[in-house]
Student: 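Below you'll find the structure I mean.
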Amino acid sequence: MHSFTEQLLNGLTLGSIYALVALGYTLVYGILLMINFAHSEIFMLGAFAGCGTLVALSALPWPLSVGAAFLMGMLACALVAVAMEKVAYAPLRRAPRLAPLISAIGVSIVLQNSVFLWRNDFLAFPTVFPPTQINIGPVTLSLIQIVILGSSLVLMGGLWLFITFTRLGQAMRACSQDREAAELVGIPVNRIISLTFFIGAMLGGAAGILYSLYYGSIKYNMGFLPGMKAFTAAVLGGIGNVPGAMAGGLLLGVSEAMGAAFLPEAEWKDVLAFAILILVLILRPRGLFGERTSEKI
Amino acid sequence: MTKKISIGFLLLASLALPLLFQNSSYSYVIRIFGLVGLYMIMGLGLNIVVGFLGLLDLGFMAFYAIGAYTMALLSKAGVGFWPALFCSVSLTVAVRALLGAPVLRLRGDYLAIVTLGFGEITRIVLNNWDSVTNGPRGISLITDANIKPVSVFRWTLSTNTDFYYLIFFMLLLCIVMTRRVLNSRMGRAWMAIREDEVAARLTGIELTRMKMIGFVMSAAFAGLAGGIFARWENFVTPESFTFWESVMLVAMVVIGGMGSIPGTLVGVSIVVLVPEILRNVLSPGLMSWRYLLFGVALVAIAVFRPQGIWPSRRRERELNAPLSEMKEVS
């Protein structure tokens with residue numbers, strides 16, 4: 001039982017990171033109906049920008065340097081993502097549906113290889129947190145886990161507040177419901193799309209930093225697997241649906257941690273994740289929380 | 001007329017290519033073009049799903065892998081090349097049908113993610129099912145005495161040139177077959193589905209059945225290519241069948257021009273050959289830049305020519321023709 005709660009916590013930690021990345025996929029998909037393949041590279045860029053900041057500011061006490069790392073990482077990712085949208089996706093609004101996908105693959109290759117040219121092997125992520133273990137009742141948590149859970153809660157809560165209560169959030173929701181109608185009532189759709197990429201990339205960048213704080217090393221291709229899992233999580237929760245992405249991420253993280261602990265070989269955990277996905281799609285195609293989209297037939 | 005001449009010229013050039021390079025220091029060119037041929041076979045298969053049905057398949061490599069592993073395992077068990085190739089194709093088709101049956105009812109985007117998931121599952125299973133697949137070390141077919149040689153009539157195929165010709169003739173067969181199917185009632189039904197499902201349904205096309213046939217048929221191409229690949233390379237490992245490869249295959253079809261056979265062939269050639277050419281012309285200092293350049297090229301093609309390099313003529317006419325011209329065409 002003890003190991004069960006521990007695995008549950010590990011799963012929630014990992015899952016909250018997946019959830020943050022999944023939000024980036026879901027937000028973009030909600031408006032553009034496009035799978036943003038380059039989002040996993042944004043995640044990776046966040047980790048590298050955070051790493052750079054931490055190394056540069058290593059003299060400062062850790063709350064300051066970590067705060068600065070988050071700020072820098074998120075900002076850098078957001079700017080890259082907005083630029084990427086303007087260059088590679090915006091010209092393709094009226095193109096055949098698969099063209100933006102190819103463009104996204106191209107951007108992904110470009111981003112990954114720009115980092116590869118600079119640094120082609122593992123880079124140690126600075127360890128900033130003291131390895132303190134904290135006991136809450138019967139469970140033991142490391143400081144890093146608390147930071148990850150706490151900050152992703154704050155970020156997700158912030159996103160939810162933003163989307164629900166601000167005018168910009170309202171405009172975002174309008175765009176994802178019906179882009180043309182939104183344009184007709186005077187919403188600057190292109191600006192809202194940029195904003196969506198900005199926010200999604202901020203969350204993705206933060207997730208990249210949290211992920212590398214947890215695992216301790218970064219590499220140019222580190223975004224691929226978490227990115228794919230996060231995408232899975234987004235579909236699991238119903239793609240385009242914000243609370244769904246959060247729930248899907250947590251669910252995927254937990255099932256993965258349980259799979260790693262209780263399956264005979266740890267690698268089978270990935271099979272478990274995808275098998276769950278396929279089952280969900282067959283039994284409940286719109287995802288766990290997806291709205292019923294009107295099917296053509 | 002010019003079309004016939006250029007096709008004839010292309011055929012002759014492809015036939016002569018190995019003879020030109022066979023005994024030179026550039027003999028690896030034959031290998032690369034053989035590989036291009038295999039990718040073309042797969043591209044034609046994927047084109048049915050992506051180009052004609054308008055569905056996104058992100059796990060196509062899984063079926064290539066199933067074909068290759070079937071061939072490797074059967075060859076090790078002493079089965080001859082042709083029966084084993086038949087089994088590769090059949091098993092691939094069967095697995096594809098099992099996957100397609102529940103999934104094809106879903107909307108297109110979900111198909112993309114299910115195929116992606118299936119591709120990853122296949123790779124992980126191949127990596128971890130040690131007792132059968134030998135895990136990440138892969139299966140080598142070189143040292144086993146059990147293995148029967150690949151023979152066609154009374155010739156035995158062993159060199160790169162031999163396999164080049166085998167692949168070439170298989171490719172011709174696939175091209176002819178695809179052409180025939182696409183211009184048949186079925187091909188037209190697929191195009192109708194791609195353009196508008198509701199309208200297609202109203203004209204009496206059985207959506208799920210038609211999608212299923214296309215979806216399953218496409219996998220046969222992958223199984224065929226996989227089977228040949230396993231005996232040519234004499235070695236299979238899970239690492240040849242990554243998600244990335246599946247994505248690149250989709251890129252090949254889309255770059256060439258979805259739904260167009262020459263387009264697919266051109267797209268495959270570009271995506272496989274350009275990095276190879278860059279490898280040879282770039283100075284060592286620029287070598288590591290070639291993937292970066294390739295990425296830039298992908299973005300540029302998508303932005304400036306979203307319909308692909310060689311789009312299907314019929315489709316282009318439908319999409320761009322002014323109304324007056326439409327009447328003429330129909």
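Chain letters run A, B, ... following the sequence lines, proteins first and then strands; every chain starts at 1. Bear in mind the structure is a predicted one, so any value in this text is a computation, not a measurement.
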Student: Work out which heavy atom in Ala275(A) is nearest to a heavy atom in Ile121(B); give both atom names and the distance.
Tutor: N-CD1, 3.9 Å
Student: Which heavy atom of Gly295(B) sits nearest a heavy atom of Val110(A), and at what distance?
Tutor: C-CG2, 3.5 Å
Student: Could you pull out the closest heavy-atom pair between Ala99(A) and Ala302(B), with the gap in Å?
Tutor: O-CB, 3.7 Å
Student: Do the non-hydrogen side-chain atoms of Ile102(A) and Ile301(B) ever get within less than 4.5 Å of each other?
Tutor: no
Student: Could you check which of Val235(A), Leu101(A), Leu117(A) has the highest count of heavy-atom pairs closer than 4.5 Å to chain B?
Tutor: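 Top count of heavy-atom pairs under 4.5 Å with chain B: Leu117(A).
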Student: Going by heavy atoms in the side chains, are Phe243(B) and Leu225(A) under 4.5 Å from each other?
Tutor: no
Student: Just wondering, are more than 12 heavy atoms of other shown residues or ligands nearer than 6.0 Å to CZ in Arg93(A)?
Tutor: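 Correct, the count exceeds 12.
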Student: Measuring heavy-atom distances to chain A, does Leu58(B) have an atom under 4.5 Å in its side chain, in its backbone, in both, or in neither?
Tutor: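 Looking at Leu58(B), just its side chain touches chain A.
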Student: Under a 4.5 Å cutoff for heavy-atom pairs, which residue among Val87(A), Asn120(A), Ile105(A) has the most contacts with chain B?
Tutor: Ile105(A)
Student: With Ile109(A) as reference, evaluate Leu292(B), Leu298(B), Leu293(B) under the side-chain contact (heavy atoms from CB on, under 4.5 Å) test and give the passing residue.
Tutor: Leu298(B)
Student: Is chain B contacted by the side chain of Phe224(A), its backbone, both, or neither, given a heavy-atom distance below 4.5 Å?
Tutor: side chain
Student: Who among Val247(B), Thr122(B), Val50(B) has the most heavy-atom pairs with chain A under 4.5 Å?
Tutor: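 Maximum pair count with chain A is reached by Val247(B).
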